[in-house]
Protein chains: 2
Amino acid sequence: MSPPLQSEPQLPDDAGHRDGGMKRDGGKGAAVTMRDVAKVSGFSPATVSIVLNNAPLAQYIAPATKKKIEEAARKLGYRPNAMARFLRSKRTHSVGVMLIDITDPYCTPILRGIENSLYQASYAPILADAHNQKNRFERALEMLLERHVEALIVVANWTFVDIHVLADFNKRNIPVATIGWELPGDTTSSVMVDNEAGGRLAVEHLYKLGHRKIAFIRGPKMLIDSAPRWKGIQKFAHGAGYEIDQSLVVQLPDSLDPNSSFDGGFRLTEELLQKRKKFTALMAFDDLTALGAIRALTKAGIEVPGQCSVAGFDDVALSAMSAPSLTTVRQPLETMGNLAVNAVLEGINASQEKRDWTISHQKTSPELVIRESTRAVSLSTADD
Amino acid sequence: MSPPLQSEPQLPDDAGHRDGGMKRDGGKGAAVTMRDVAKVSGFSPATVSIVLNNAPLAQYIAPATKKKIEEAARKLGYRPNAMARFLRSKRTHSVGVMLIDITDPYCTPILRGIENSLYQASYAPILADAHNQKNRFERALEMLLERHVEALIVVANWTFVDIHVLADFNKRNIPVATIGWELPGDTTSSVMVDNEAGGRLAVEHLYKLGHRKIAFIRGPKMLIDSAPRWKGIQKFAHGAGYEIDQSLVVQLPDSLDPNSSFDGGFRLTEELLQKRKKFTALMAFDDLTALGAIRALTKAGIEVPGQCSVAGFDDVALSAMSAPSLTTVRQPLETMGNLAVNAVLEGINASQEKRDWTISHQKTSPELVIRESTRAVSLSTADD
DNA sequence: CGGGCCTCTTAAAACGATTCAATAGAATGT
DNA sequence: ACATTCTATTGAATCGTTTTAAGAGGCCCG
């Protein structure tokens, strides 16, 4: 297809010079190295390196030289060997991304945010999935340490109490950021949604729609998010002079399966219904819980939102597609991924330039997304 | 907490021997190297390497020696530097994982399958997300090449025609496997669901429920999956002597947004309804399309499955949670991830041992998952 | 004319592992 | 007693870069 390369002959003219033509490389994948570029261009490896990296010394290199070297590199299809580069420069340009459970739909947008920001900054993400298991978590961290990642991002909404391997990251001055949870102390940056504000947003919405008999499905104790969301609800109630009926408050059990809250929501709602205590709205811990609740309500012949409004939390992808579509509190997940990357990048740059920098604990603002599952309380149900 | 280490003194006794105590390492992250282990244990780096890797030569090493070295390594918290190791041994133990769009819910289980199999085999996944953009795809491949991944796995259900960067992988003998699509030629392994069988499965199910007026929403031309699914449908119809009513067949437009099929399903179903041509069942290209269709039907006052059955394809996470839950054809996504990893690992091992190995094109069996959205045709609607 | 200062280029020493060939001592066989 | 084979260990080369210090000219200035 393409015409034969002009200087094809000079390419392998002294191949095998290094080890007398031993049995290495079967002739196919002979990687072209910097020395090859040096040889072809007629300059030394040092010069090649300086030119190709546009190092400070490049200002002294004659333009003609640069051109020749760049051309040779291009012609040979030279690609620097990242490993060699890393070994010498101590920079791997990779970042560990640890998901505690990739199955959680909440992870996907975060992951996209992380990947995107890393890509922009020319870092490569090395992925690890802990499968909710502590030993996998630790083994994976170990692996990331061996690979000398320059930073670590951990995505989780719950986690093991003592992760002493994380201490190794601090010892080695590797910046760590967490998304969805916070580590006590000031060693680790974090990005979380403002759960308290989110809880408030949702209950306020229901309240303003006229609902006064609101059932609540609280999140499992294990999850970091549960407490602050509930706190936001309580604070709003207190401020509005609204008294929460404790008999309408239930709580999801602890569970490691991120999709279990659907079942949980379903069961708890059925239990609530059995109590025969009327409620005109239900606020669920998260979207899956809300979907489970809707399922239970529908099954019991209660129309959503006609007879009962339901609100969720998170705005995962399916919330917009469910029937009825779900009113929920959106977490800016992708943005949170970006922010975490920014935080660790700042850390990397700082220690590169021997600057000091400070750990950040960021809270992002949740946003109320009103869809079909909530509606102003109807007279017939309200006056029940 | 722990008692002072016995041999603490001998540890840094000759620190700085290498470069006369220059300004390097501020004292914090001093990485412990193999030489340190050698020094402390009293043996040479060579011996340490042999012992710690349990290399063939290790059979000649005295047990006492092994013990001392291992202990020293443990005490010092020695962690081999992966980059150095890679440089010498030419093995990075990493695999590139390229997603054409991570946002697609279909990717998540595949990703878990890939990650899991790689983890078992002690390979690290380097993640890349093409965002449906050709230039990102290529730049990411470039990056993976520089990092000398030992294999590449590409997840996509459509893709750009000419990816000449992939040729570089072949040139370098790096095994490539694709999930969800196939490359012509025998250079690349692939794993796909048997779409034809799946299409058949779904339509057969509807047929057996008594449906004879079935509407079809075909997939976009761009997607690899569309044609074979349709073929499976046609073949079944032909075999069963069932004639597809072409006026009930519509097709999704091409689109890059993986979530657009929900809207597509919604709109196309509305159009079908406007035609006022009766149908008792609808078979959608995938789950999101099906959900969109259900939405449109419900909106038009048509009950699902009471008045119209709907079947999807894929069994993404939300299918089980939607209302009504969706009858669909499940792709064994996680398994497909595993299979792709097996394929490339086989390639890696083969070229390691200078064996030949063959490209594989695997088709996994889809599985019909019957849920609430389909039902036997009712007399009232059938006799319309 | 010799020293100082540019400009352009390179030799050589890392980086931290792996691995081959070599060594030295002990045991064995003839 | 000497060659041979094991056992146990190591020196030194190597992987492909980056980077420092230095070298070779050329030019200017006093």
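In what follows, chains carry the letters A, B, and so on, assigned in the order in which the sequence lines appear, proteins first and then strands, with residues in each chain numbered from 1. Since the model is a prediction, treat every value here as computed from it, not as a measurement.
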A.B. asks: Where do Val176(B) and Thr187(B) land on the side-chain contact (heavy atoms from CB on, under 4.5 Å) test, with the steps shown first?
C.D. replies: CA-CA 8 Å; Val176(B) 178; Thr187(B) 62; over 6 Å; no
A.B. asks: Can you tell me if Lys90(A) touches the phosphate of dA14(C), counting only side-chain N or O atoms and a distance under 4.0 Å to OP1 or OP2?
C.D. replies: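 No, Lys90(A) has no side-chain N/O under 4.0 Å of OP1/OP2 on dA14(C).
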A.B. asks: If I take atom CG from residue Leu141(A) and atom CG from residue Leu152(A), how far apart are they, to the nearest 0.5 angstrom?
C.D. replies: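 These two atoms lie 6.0 Å from each other.
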A.B. asks: Strictly by salt bridge (Lys or Arg N to Asp or Glu O under 4.0 Å), give each pair with a member in residues 51-62 of chain A just once, sequence neighbours left out.
C.D. replies: none
A.B. asks: Let's see if you can work this out: which of dT9(C), dT17(D), dA17(C) has an atom nearest to the side-chain heavy atoms of Pro80(B)?
C.D. replies: dA17(C)
A.B. asks: What is the distance from NZ of Lys67(B) to P of dT9(D), rounded to the nearest Å?
C.D. replies: 14 Å
A.B. asks: Sequence neighbours excluded and cut-off under 3.5 Å, please list the side-chain donor-acceptor pairs for residues 47-56 of chain A, or say none.
C.D. replies:
unit_1   : atom_1 : unit_2   : atom_2 : d
Thr47(A) : OG1    : Ser44(A) : OG     : 3.1
Ser49(A) : OG     : Asn53(A) : ND2    : 3.3
Asn53(A) : ND2    : Ser49(A) : O      : 3.0

A.B. asks: May I have the distance from Arg147(B) (atom CZ) to dC15(D) (atom P), rounded to whole angstrom?
C.D. replies: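 Interatomic distance, CZ of Arg147(B) to P of dC15(D): 23 Å.
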A.B. asks: For dT9(C), does OP1 or OP2 lie under 4.0 Å from any side-chain N or O of Thr65(A)?
C.D. replies: yes
A.B. asks: Among residues at least two apart in sequence or on other chains, which ones pass ring-ring contact (aromatic ring centres under 6.0 Å, His included) with Phe86(B)?
C.D. replies: none
A.B. asks: Which comes earlier along DNA chain D counting from the 5' end, the contact point of Val48(A) or that of Leu87(B), where each point is its nearest nucleotide?
C.D. replies: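 Here Leu87(B) is the residue nearer the 5' end.
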A.B. asks: Without decimals, in angstroms, what is the distance between Glu146(B) CD and dG16(D) C1'?
C.D. replies: 13 Å
A.B. asks: Starting from the first five and the last five pairs of the helix from dC1(C)-dG30(D) to dT30(C)-dA1(D), work out the angle between the resulting helix axes, to 10 degrees.
C.D. replies: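 Inter-axis angle at the ends, rounded: 70°.
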A.B. asks: Side chain of Arg85(B) only, heavy atoms from C-beta on: which candidate in dA17(C), dT10(D), dT9(D) is closest?
C.D. replies: dA17(C)
A.B. asks: Within this structure, what is the CE-to-C1' distance between Met34(B) and dT9(D), rounded to whole angstrom?
C.D. replies: 14 Å
A.B. asks: Given that Ala82(B) and Phe43(A) both sit by DNA chain C, which one's nearest nucleotide is further toward the 5' end?
C.D. replies: Phe43(A)
A.B. asks: When the ring planes of Phe160(B) and Phe137(B) are compared, do they come out parallel, tilted or perpendicular, using 30° and 60° as the limits?
C.D. replies: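 Plane angle over 60°, so perpendicular.
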A.B. asks: For Ala343(B) and Trp357(B), work out which heavy atoms get closest and say how close.
C.D. replies: O-NE1, 4.4 Å
A.B. asks: Specify the separation, in whole Å, of atom CE of Met83(B) and atom P of dG16(C).
C.D. replies: 13 Å
A.B. asks: Rounded to the nearest Å, what distance is computed from the CG atom of residue Asp36(B) to the C1' atom of nucleotide dC15(C)?
C.D. replies: 14 Å
A.B. asks: Sequence neighbours left out, what pairs pass salt bridge (Lys or Arg N to Asp or Glu O under 4.0 Å) with at least one residue falling in residues 62-71 of chain A?
C.D. replies: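 Sorted pair list comes back empty.
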A.B. asks: Could you tell me whether the phosphate oxygens of dC5(C), OP1 or OP2, come under 4.0 Å of any side-chain nitrogen or oxygen in Tyr60(A)?
C.D. replies: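 For dC5(C), neither OP1 nor OP2 has a side-chain N or O of Tyr60(A) closer than 4.0 Å.
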A.B. asks: Write out a two-atom table: protein N or O, nucleotide N or O from nucleotides 19-21 of chain D, distance below 3.5 Å.
C.D. replies:
unit_1  : atom_1 : unit_2   : atom_2 : d
dT19(D) : O4'    : Arg88(A) : NH2    : 3.3

A.B. asks: What is the distance, rounded to the nearest whole Å, between atom OH of Tyr78(B) and atom P of dG16(C)?
C.D. replies: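 To the nearest whole Å, that distance equals 10 Å.
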A.B. asks: Considering all heavy atoms of both residues, which atom of Thr92(B) and which atom of Glu150(B) are nearest to each other, and what is their separation?
C.D. replies: N-OE2, 3.1 Å
A.B. asks: Run the salt-bridge test on Asp36(A) and Lys39(A) with the 4.0 Å N-O cut-off and return the result as yes or no.
C.D. replies: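 Salt bridge absent between Asp36(A) and Lys39(A).
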A.B. asks: Could you give the CZ-to-P distance, from Phe86(B) to dT18(C), as a whole number of Å?
C.D. replies: 11 Å
